[in-house]
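First the structure, in the form of structure tokens, and then the observations on it.
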Amino acid sequence: MVEIERKFLIKDGLLKLSGKGKKIKQGYLSVDPARTVRVRMTDSEAFLTIKGKPEGIARIEMEYEIPVNDAEVLLKMCLYYPVEKTRFKEKNGEMTWEIDVFEGENKGLILAEIELDHEDQRIDLPGWIGEEVSSDSRFYNSSLCKKPFSKW
């Protein structure tokens, strides 16, 4: 129920993605800083996610699987631009990183995220990890729908 996550930029040219990524399209029904409501869809599944206000790198997150047809309807009701990306999973030691390669209005942005068990958990940063942007709200997906990377 509590998501603890750190986000990083990727150093240019150092990450070689392995495996097949998963296409994701998501939109926001609410982008209020105290609560966001997201609809996320892949080819075969869809989710409705409610996130609370971030406190450091932690926040409440509740996610529910919904029918893909419902997600298609909800995506049409969303605010601003849809966030489109391909997500790759990269193993580094015992941890699995999620690498998001953004498309559409956010093309050119690549972020690495790691979910933690607790806020002060030690992580070994791979060589391709760049600047940490966990606390920079511009890199929240809910912000990228309002002001895409291409408009910075």
Side-chain angles (χ1 to χ4, degrees), residues 1-12 15 17-92 95-117 119 123 126 128-152:
M1 186 179 312
V2 175
E3 172 190 58
I4 303 169
E5 175 181 87
R6 291 177 66 186
K7 277 185 198 212
F8 299 84
L9 295 173
I10 301 292
K11 291 180 183 174
D12 284 344
L15 175 63
L17 293 168
S18 59
K20 185 179 179 207
K22 182 185 280 191
K23 294 273 190 194
I24 295 172
K25 183 175 185 179
Q26 63 190 45
Y28 289 83
L29 296 164
S30 170
V31 291
D32 184 309
R35 71 200 60 75
T36 60
V37 180
R38 174 185 76 202
V39 178
R40 175 181 279 172
M41 193 169 79
T42 68
D43 288 337
S44 60
E45 55 189 0
F47 298 90
L48 183 67
T49 306
I50 299 104
K51 293 187 179 196
K53 182 179 181 180
E55 296 185 22
I57 60 170
R59 65 178 160 180
I60 300 293
E61 177 184 86
M62 292 183 260
E63 187 166 75
Y64 306 95
E65 189 164 4
I66 61 173
V68 171
N69 290 343
D70 290 3
E72 289 170 343
V73 171
L74 289 171
L75 279 169
K76 291 176 184 170
M77 297 170 56
C78 287
L79 305 165
Y80 311 108
Y81 298 95
V83 174
E84 300 171 86
K85 58 190 176 182
T86 301
R87 174 165 285 169
F88 298 86
K89 295 194 183 261
E90 293 292 328
K91 195 102 165 111
N92 184 63
M95 303 191 87
T96 302
W97 290 80
E98 292 181 335
I99 313 300
D100 289 339
V101 178
F102 288 83
E103 300 156 12
E105 293 291 319
N106 290 295
K107 187 174 182 147
L109 179 62
I110 303 174
L111 292 174
E113 299 178 354
I114 189 80
E115 291 209 16
L116 307 174
D117 295 325
E119 286 191 52
I123 56 174
W128 39 264
I129 289 293
E131 176 187 353
E132 182 166 6
V133 294
S134 300
S135 298
D136 188 338
S137 63
R138 293 177 304 160
F139 292 97
Y140 296 170
N141 283 276
S142 58
S143 296
L144 291 170
C145 77
K146 292 187 290 187
K147 188 169 184 183
F149 186 66
S150 64
K151 310 267 189 232
W152 293 10

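Since we're looking at a predicted model, the values are computed, not measured.
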>> Please determine whether the number of non-hydrogen atoms from other residues, nucleotides or ligands lying under 6.0 Å from atom NZ of Lys76 exceeds 12.
In response: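 No - once you tally the heavy atoms of other residues, nucleotides and ligands closer than 6.0 Å, there are 12 at most.
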
> Should we say atom CG of Asp12 is surrounded by more than 12 heavy atoms from elsewhere, each under 6.0 Å from it?
Replying inline: no

Let me confirm one number: the [atom1]-[atom2] distance from [X] to [Y], rounded to the nearest 0.5 Å.
X      : Y      : atom1 : atom2 : value
Thr49  : Glu65  : OG1   : CD    : 11.0 Å
Arg87  : Leu111 : CZ    : CG    : 10.0 Å
Ile4   : Arg59  : CD1   : CZ    : 12.5 Å
Lys53  : Arg35  : NZ    : CZ    : 10.0 Å
Leu144 : Arg138 : CG    : CZ    : 10.0 Å

> When you look at Phe102 and Asn141, which way does the side chain to side chain contact (heavy atoms under 4.5 Å, CB included) test go after all the steps?
Replying inline: CA-CA 10 Å; Phe102 288 83; Asn141 283 276; 3.3 Å; yes

Do the side chains of [Y] and [X] get nearer than 4.5 Å, heavy atoms only?
X      : Y      : result
Trp128 : Ile99  : yes
Tyr140 : Thr36  : no
Met62  : Met1   : yes
Asp100 : Glu113 : yes
Leu48  : Asp70  : no
Asn106 : Trp152 : no
Ser142 : Arg38  : no
Glu115 : Glu3   : yes

Closest heavy-atom contact between [X] and [Y]?
X      : Y      : value
Ala46  : Ala71  : CB-CB, 3.3 Å
Phe8   : Ile129 : CD2-CG2, 3.4 Å
Ser134 : Glu5   : OG-O, 4.3 Å
Leu109 : Phe139 : CD1-CE2, 3.8 Å
Gly27  : Cys78  : C-SG, 3.4 Å

> Are Glu98 and Lys89 within salt-bridge range, i.e. N to O under 4.0 Å?
Replying inline: yes

>> For Lys107, is there an ion pair with Glu84 - N to carboxylate O distance below 4.0 angstrom?
In response: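 Looking at Lys107 together with Glu84, the answer is no, because their closest N to O distance does not fall below 4.0 Å.
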
> By side chain to side chain contact (heavy atoms under 4.5 Å, CB included), which residues pair with Ser150, not counting sequence neighbours?
Replying inline: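 Per chain and number, Ser150 pairs via side chain to side chain contact (heavy atoms under 4.5 Å, CB included) with Glu105, Pro148.
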
>> Test side chain to side chain contact (heavy atoms under 4.5 Å, CB included) on Ile114 and Asn92; report intermediate values, then the result.
In response: CA-CA 11 Å; Ile114 189 80; Asn92 184 63; over 6 Å; no

> Any sub-3.5 Å donor-acceptor pair from Ser137's side-chain atoms to Ser143's backbone N or O?
Replying inline: no

> Taking it one step at a time, do Thr86 and Ile24 satisfy side chain to side chain contact (heavy atoms under 4.5 Å, CB included)?
Replying inline: CA-CA 6 Å; Thr86 301; Ile24 295 172; over 6 Å; no

> Looking at Glu103, Gln26, Lys22, which hits side chain to side chain contact (heavy atoms under 4.5 Å, CB included) with Lys85?
Replying inline: Gln26

> Per the side chain to side chain contact (heavy atoms under 4.5 Å, CB included) rule, which among Leu79, Leu74, Ile50 passes with Val37?
Replying inline: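 Considering Leu79, Leu74, Ile50, a side chain to side chain contact (heavy atoms under 4.5 Å, CB included) with Val37 is found only for Ile50.
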
>> Assess, by modelled atom type and distance only, whether the side chains of Ser18 and Glu90 contain a donor and an acceptor separated by less than 3.5 Å.
In response: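 Side-chain D/A pair, Ser18 to Glu90: present.
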
> Who pairs with Phe88 by ring pair (Phe, Tyr, Trp, His ring centres under 6.0 Å), at least two apart in sequence or on another chain?
Replying inline: none

> Can Val68 and Thr42 be said to form a side chain to side chain contact (heavy atoms under 4.5 Å, CB included), step by step?
Replying inline: CA-CA 8 Å; Val68 171; Thr42 68; over 6 Å; no

>> Under the rule for salt bridge (Lys or Arg N to Asp or Glu O under 4.0 Å), what residues qualify as partners of Lys25, not counting sequence neighbours?
In response: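 Here no residue qualifies.
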
